Each structure stands twice: as C-alpha cells, then as structure tokens.
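Below: one structure, written as structure tokens.
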Amino acid sequence: MNISQNLKTQTEKLPKNVVLVAVSKTKSEEAIMEAYSSGQRIFGENKAQEMTAKWENLPKDIEWHMIGHLQRNKVKYIASFVSLVHAVDSLKLLREINKEAEKNDRIIPCLLQVKIADEESKFGMSTEDVTTLLNSKDFQIMDNIVVKGFMGMATFTEDKQQIEKEFRFLKQQFDLFSQRFSSLEILSMGMSSDYEIAVQAGSNMVRIGSAIFGEREAP
C-alpha cells in the first residue's frame, strides 16, 4: 500500500469535521509531495530547522504545523510562515512566539498543550497553569498570537480505557474553557495509534504519521 492509498484510507475513517495533520517529520520531500498530490495540504513537523528547509522547497499552499516541543530560541526560524503551533507549554514560550510574530507582522495561532498522560516524559501544562496563563495580564496584552485551542497526548499504553479517560478529561476541560474564551475552537488529540479513540472522545484535529507514511526509518 502506498502513501496515497494510506492517506485515502485514513481520510475516509474521519468524520468531516476532523482535520487531518499528516505528520511528515523525518520523511522526505518526495514522500510529502506524494501526499500533497493526493490532496493533503496540512503537514506536521517537530523540528524547526527541518520544517524551514521543507517550507523553502515545497509548494507555498502547504500549511505547516509545529507539533513537537518548541524551544524558545527556535521560534525565529518558523515565525514567518508557521500556520499553527500545537505544543505551547509555558507563558515564556507564548511570549517568544508573540515577539517573533510581531517582527514578521503576523498573528500566529497557537494551541496550549495540556498534560493528560501519566508519563513524566510528556510535556504540558496543568489545567491550573492554563487558567493562570489565560487570566494573566501578560497574555491579555499579546496582540500577535491567538490561542485557538488545546492539544494533548495520551499515555503510551495498550490500556484503551485509560487512553479514553485521558482524552475525555481534556474534552471536558476544553468545553469548560470554551465557555469563557471564544477563540478556542481546536482540540488536537490523537495520533496513528489512538486517534479513533480521540475522535470518539471529541477531538477535531488528529496528527497521523506512521499510518500514512509508514513506520519511522531507523537512522
């Protein structure tokens, strides 16, 4: 099965209201173009410099999403073109994105990463951190970013009940915050291994890599 067929299979599984981000990190420009030729326009990368190189070489109607942990000193590389930053996990990072967006005369859409997994290795803010950030004076004077929603990663486990519980918790929090903050529209939950559970729990954006492009190549 090739990339085009994989993409068609995954797209057909998704409800119409769910946006598919094709996770192209570590994949070649040729592989991305195969997906592009099949109609895919949104791609997700986790390294700023790799994403910048691909942006420079590939069609300009591609929407590039930064889905990985973003270091503050790397924001400048992507600020001129990034369409959505998925993993904002601190006020300091949001401040840096706002600063670089202002330099580029842009408003950059962002998602706040909420920690829902048990694993220590996962990044993200607590719901208390999110409340503090959204109510802060710092946030309220940022004119060059807009928080469009939340992103979350479930625990890497075979226990589907735990995964579902974590996704449903984030959906519940998203609904609560949406009542107070009208800009919240996107709930980015679910990857190749668990996106069907995420969609059932209320996700409207999924990040699918290996189910489209195949497993990551060994270095």
Side-chain angles (χ1 to χ4, degrees), residues 7 10-11 14 16-29 31-90 93-114 123-124 139 142-153 174 178 181-192 195 198 203-209 212-213:
L7 187 59
Q10 300 306 319
T11 303
L14 294 173
K16 292 280 185 259
N17 70 312
V18 178
V19 174
L20 169 59
V21 180
V23 178
S24 51
K25 62 183 185 181
T26 76
K27 302 301 174 185
S28 68
E29 291 175 7
I32 294 171
M33 282 309 298
E34 188 175 338
Y36 178 91
S37 299
S38 300
Q40 181 65 24
R41 292 295 181 272
I42 304 175
F43 294 89
E45 293 283 331
N46 70 339
K47 291 199 167 99
Q49 279 122 313
E50 184 181 341
M51 187 165 85
T52 302
K54 289 173 177 176
W55 169 74
E56 286 171 350
N57 295 332
L58 294 172
K60 290 299 178 273
D61 62 337
I62 289 176
E63 285 186 32
W64 294 102
H65 288 203
M66 170 53 69
I67 61 169
H69 179 65
L70 179 59
Q71 294 173 301
R72 297 201 301 278
N73 63 349
K74 300 291 173 64
V75 173
K76 59 180 178 282
Y77 296 114
I78 64 172
S80 66
F81 68 89
V82 67
S83 293
L84 183 65
V85 179
H86 281 239
V88 175
D89 60 359
S90 71
L93 176 56
L94 204 58
R95 203 180 283 132
E96 188 67 25
I97 295 169
N98 185 70
K99 184 180 88 176
E100 293 297 333
E102 186 177 7
K103 286 181 188 174
N104 286 276
D105 196 24
R106 295 188 68 213
I107 295 172
I108 296 179
C110 299
L111 304 180
L112 301 181
Q113 183 173 1
V114 182
F123 291 99
F139 171 70
M142 290 183 192
D143 293 330
N144 291 83
I145 55 95
V146 58
V147 172
K148 297 293 285 182
F150 294 165
M151 183 271 254
M153 295 172 69
F174 175 77
S178 298
F181 300 95
S182 58
S183 68
L184 302 183
E185 300 168 356
I186 299 169
L187 184 54
S188 174
M189 304 189 300
M191 302 184 290
S192 291
Y195 76 87
S203 172
N204 60 15
M205 182 175 281
V206 294
R207 310 176 301 276
I208 301 178
I212 295 171
F213 294 105

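Just so it is clear, the model here is predicted, and its values are computed rather than measured.
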Heavy-atom check, side chain of [X] versus side chain of [Y], under 4.5 Å:
{"X": "Ser203", "Y": "Phe174", "result": "no"}
{"X": "Leu84", "Y": "Met205", "result": "yes"}
{"X": "Leu58", "Y": "Tyr36", "result": "no"}
{"X": "Val75", "Y": "Leu93", "result": "yes"}
{"X": "Ile78", "Y": "Leu70", "result": "yes"}
{"X": "Leu14", "Y": "Gln10", "result": "no"}
{"X": "Gln113", "Y": "Leu111", "result": "no"}
{"X": "Leu94", "Y": "Glu96", "result": "no"}

[X] side, atom [atom1]; [Y] side, atom [atom2] - distance, nearest 0.5 Å:
{"X": "Ser192", "Y": "Ile212", "atom1": "OG", "atom2": "CD1", "result": "7.0 Å"}
{"X": "Asp89", "Y": "Met151", "atom1": "CG", "atom2": "CE", "result": "9.0 Å"}
{"X": "Leu20", "Y": "Ile208", "atom1": "CG", "atom2": "CD1", "result": "5.0 Å"}
{"X": "Ile67", "Y": "Met191", "atom1": "CD1", "atom2": "CE", "result": "8.5 Å"}
{"X": "Ser80", "Y": "Ile108", "atom1": "OG", "atom2": "CD1", "result": "8.5 Å"}
{"X": "Lys27", "Y": "Glu50", "atom1": "NZ", "atom2": "CD", "result": "10.5 Å"}

### Query
Any salt bridge between Lys99 and Glu102, counting N to O under 4.0 Å?
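Result for this pair is no, no salt bridge flagged.
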### Task
Show your reasoning for whether side-chain contact (heavy atoms from CB on, under 4.5 Å) applies to Trp55 and Ile62.
CA-CA 8 Å; Trp55 169 74; Ile62 289 176; over 6 Å; no
#### Entry: Lys54 (side chain) donor-acceptor with Glu45 (main chain) under 3.5 angstrom
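Answer holds: no.
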Distance-minimising heavy-atom pair for [X] and [Y]:
{"X": "Phe213", "Y": "Ser24", "value": "CE1-CA, 4.0 Å"}
{"X": "Val21", "Y": "Gly44", "value": "CG1-N, 3.6 Å"}
{"X": "Cys110", "Y": "Val88", "value": "CB-CG2, 3.9 Å"}

Contacts table for residues 142-149: side-chain donor-acceptor under 3.5 angstrom, sequence neighbours left out:
from, atom 1, to, atom 2, distance (Å)
Asn144, ND2, Arg106, O, 2.9
Lys148, NZ, Glu185, OE1, 3.2

### Task
Identify the residue among Phe81, Tyr77, Phe43 that makes a side chain to side chain contact (heavy atoms under 4.5 Å, CB included) with Met51.
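That would be Phe81; it is the only one of Phe81, Tyr77, Phe43 passing the side chain to side chain contact (heavy atoms under 4.5 Å, CB included) with Met51.
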### Message
Show me the pairs that pass salt bridge (Lys or Arg N to Asp or Glu O under 4.0 Å) and involve residues 60-71, at least two apart or across chains.
### Response
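Qualifying pairs, neighbours excluded: Arg41-Asp61.
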Non-neighbouring partners of [X] that pass side chain to side chain contact (heavy atoms under 4.5 Å, CB included), sequence neighbours left out:
{"X": "Glu34", "result": "Asn2, Ile3, Ser4"}
{"X": "Gln71", "result": "Asn73, Lys74"}
{"X": "Ser37", "result": "none"}
{"X": "Asn17", "result": "Pro15, Asn204"}

### Task
Any chance you could lay out the side-chain contact (heavy atoms from CB on, under 4.5 Å) test for Arg207 and His65, step after step, and finish with the verdict?
CA-CA 10 Å; Arg207 310 176 301 276; His65 288 203; over 6 Å; no
